[in-house]
Amino acid sequence: MFYVGRAITMRLSRQSRRLFSTQAPEAFLEPLPSHLGISCLSFNRPQAKNAISMKLLHEFRECLETAKYDKSIRALIIRSTTMGSFCAGADLAERRTMSQIQVAKFLSDLRAAFGQLEALPMPTIAAIDGPALGGGLELSFACDLRVAGHGVTKIGLPETRLGIIPGAGGTQRAVRLLGTPKAKVLIFTARMLTAQEALEWGVVDYVSSPSTSAFERAVELAQEITKSAPLALRAAKQAISRAADLSLESGLDLERAAYEVLLPTKDRLEALEAFREKRQPVFKGE
């Protein structure tokens, strides 16, 4: 029985790979032309407002794995290829066709994907140009920074109205980001926030101007970030991200260790030389 089950699993896996490879990608990674060091992880499922299907999740995880090892990426923007969209959460139409085992695996994979996103070594920015609902908002919580488009009106965690709770880290990351009282209100009431309300709550960090998109504002922010030394950015992200889980003394030890690693780097020497010569440094991530 074990071997039969294993054979079926392997056959389904091969069929899934063929299916994923013969259709247009629902998630893909690409550098941003004319913006050195900035790449985009784009969702491309406009007919479903980028609801997370099994195919999209599979390709999303592949993109994250590629980005993890790509040292040319100094900042990563998560966005939709279609204006007026970001991510509408799980694909509920597909969910209705799934068995309990498939649902359990999907949730496990989704949780793992958001963990991968959160653990990426470079700064990440969510460009929220449309509804960020359920898993879509949970995804943005796994990013370092969030930018909402000025006209976005649906940002929230509606799961309790569907008889469930946020299941991909939303209950945990919301508390860490917003504090316990706001996280409880957001989840208990399934409240939908506008972009400005989300800014006031601390759900997002920036709101674009009325004449620009969240993606355009995210690119501006990424440009500011990529002026910094790549190795320093990665070290800073690691130290900051671990801070909440460590005692102050342990956190200070981590900070010192991350700092000392940077002292002999070529980028640090370049920064000192540039300061002496009164010019902008040219960092190479070395």
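In this chain, residues are counted from 1 in sequence order. When reading the values below, keep in mind they use all heavy atoms of this one structure, side chains included, and skip hydrogens, waters and symmetry mates.
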Flag, side chain of [X] to backbone of [Y], donor-acceptor distance under 3.5 Å:
X: S108; Y: A104; result: no
X: S241; Y: K237; result: yes
X: T212; Y: E216; result: no
X: T160; Y: I187; result: yes
X: R242; Y: L254; result: no

Nearest heavy-atom neighbours spanning S208 and H150: OG-N, 3.0 Å
Closest non-hydrogen atom pair between A168 and E138, with its separation: N-OE2, 2.9 Å
Can you tell me if [X] and [Y] form a side-chain donor-acceptor pair at under 3.5 Å?
X: S42; Y: N44; result: no
X: E26; Y: S53; result: yes
X: T82; Y: S85; result: no

salt_bridge(E277, R279) N-O dist < 4.0 Å: yes
Presence of salt bridge, K55 and E59, under 4.0 angstrom: yes
Criterion side-chain contact (heavy atoms from CB on, under 4.5 Å) against I125, the qualifying member of I78, D144, I225: I225
